[in-house]
Amino acid sequence: MAYALPEEMNMKNLLLLVVGIATGFVVAHKVNRTKRGSEFFADVDAKLREFTDTVAESYREREKELRSTIDSLVEDAEAAIGDLNKR
């Protein structure tokens with residue numbers, strides 16, 4: 001049996017989440033104005049771009065493998081159907 005929080009609790013949590021996100025943006029903006037903060041965010045950005053590029057490349061490679069496998073299965077199925085039609 002699932003326990004449901006009172007609606008006031010959910011709204012309070014949502015408000016705290018929004019306030020936390022806003023505070024994080026303000027702090028990040030202030031930190032980014034310093035030299036070390038700017039370097040930090042540039043490093044984080046570079047690592048994030050590298051990560052997303054790797055994920056995207058891996059996705060494209062896997063998609064290519066799957067498409068090749070599907071094409072091979074389609075060819076095999078078409079050949080099997082052709083053999084059955086000859087009988």
Side-chain angles (χ1 to χ4, degrees):
M1 184 172 151
Y3 175 76
L5 291 174
E7 189 173 322
E8 302 82 35
M9 221 30 176
N10 290 334
M11 292 303 292
K12 180 181 175 184
N13 289 343
L14 179 61
L15 177 64
L16 288 174
L17 177 66
V18 170
V19 168
I21 290 171
T23 303
F25 275 113
V26 169
V27 170
H29 183 70
K30 297 269 186 194
V31 169
N32 193 38
R33 289 183 174 180
T34 66
K35 183 177 185 209
R36 285 187 57 189
S38 181
E39 290 171 356
F40 169 77
F41 284 118
D43 185 48
V44 168
D45 184 54
K47 288 178 181 177
L48 185 60
R49 285 182 194 275
E50 180 182 349
F51 174 75
T52 56
D53 289 347
T54 301
V55 169
E57 182 181 337
S58 298
Y59 177 85
R60 285 189 294 271
E61 288 176 8
R62 182 65 178 146
E63 183 180 31
K64 186 178 177 181
E65 291 172 4
L66 291 173
R67 287 190 188 280
S68 175
T69 301
I70 289 171
D71 290 344
S72 176
L73 289 172
V74 168
E75 289 173 7
D76 292 347
E78 288 172 344
I81 290 170
D83 289 345
L84 288 173
N85 286 336
K86 289 179 184 177
R87 293 183 186 180

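What you are looking at is a predicted structure, and each value in this text was computed from that prediction instead of being measured.
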Supply the atom-to-atom distance [X] [atom1] to [Y] [atom2], rounded to the nearest 0.5 angstrom.
X	Y	atom1	atom2	value
Glu39	Asn32	CD	CG	11.0 Å
Lys12	Leu15	NZ	CG	9.5 Å
Leu66	Tyr59	CG	OH	9.0 Å

### Query
Which of these passes side chain to side chain contact (heavy atoms under 4.5 Å, CB included) with Ile21: Leu17, Thr23, Val18?
Leu17
### Task
Say whether Val26 and Phe41 are linked into one hydrophobic cluster, either directly or through other cluster members, by side-chain heavy-atom distances under 4.5 angstrom.
no
Looking at [Y] and [X], is any side-chain nitrogen of the basic one under 4.0 Å from a carboxylate oxygen of the acidic one?
X	Y	answer
Asp71	Arg67	no
Arg49	Asp53	no
Glu65	Arg62	yes

### Task
Check for a donor-acceptor pair, side chain of Thr52 on one end and backbone N or O of Leu48 on the other, with a separation under 3.5 Å.
yes
### Query
Counting N and O atoms only, with roles assigned by atom type, does the side chain of Ser38 sit under 3.5 Å from a partner on the main chain of Thr34, one being a donor and the other an acceptor?
no
### Residue Glu63 excluded, over 12 heavy atoms near CD under 6.0 Å
yes
### Task
Go through the steps for Ser72 and Asp76 under the test side-chain contact (heavy atoms from CB on, under 4.5 Å), then give the verdict.
CA-CA 6 Å; Ser72 176; Asp76 292 347; 4.1 Å; yes
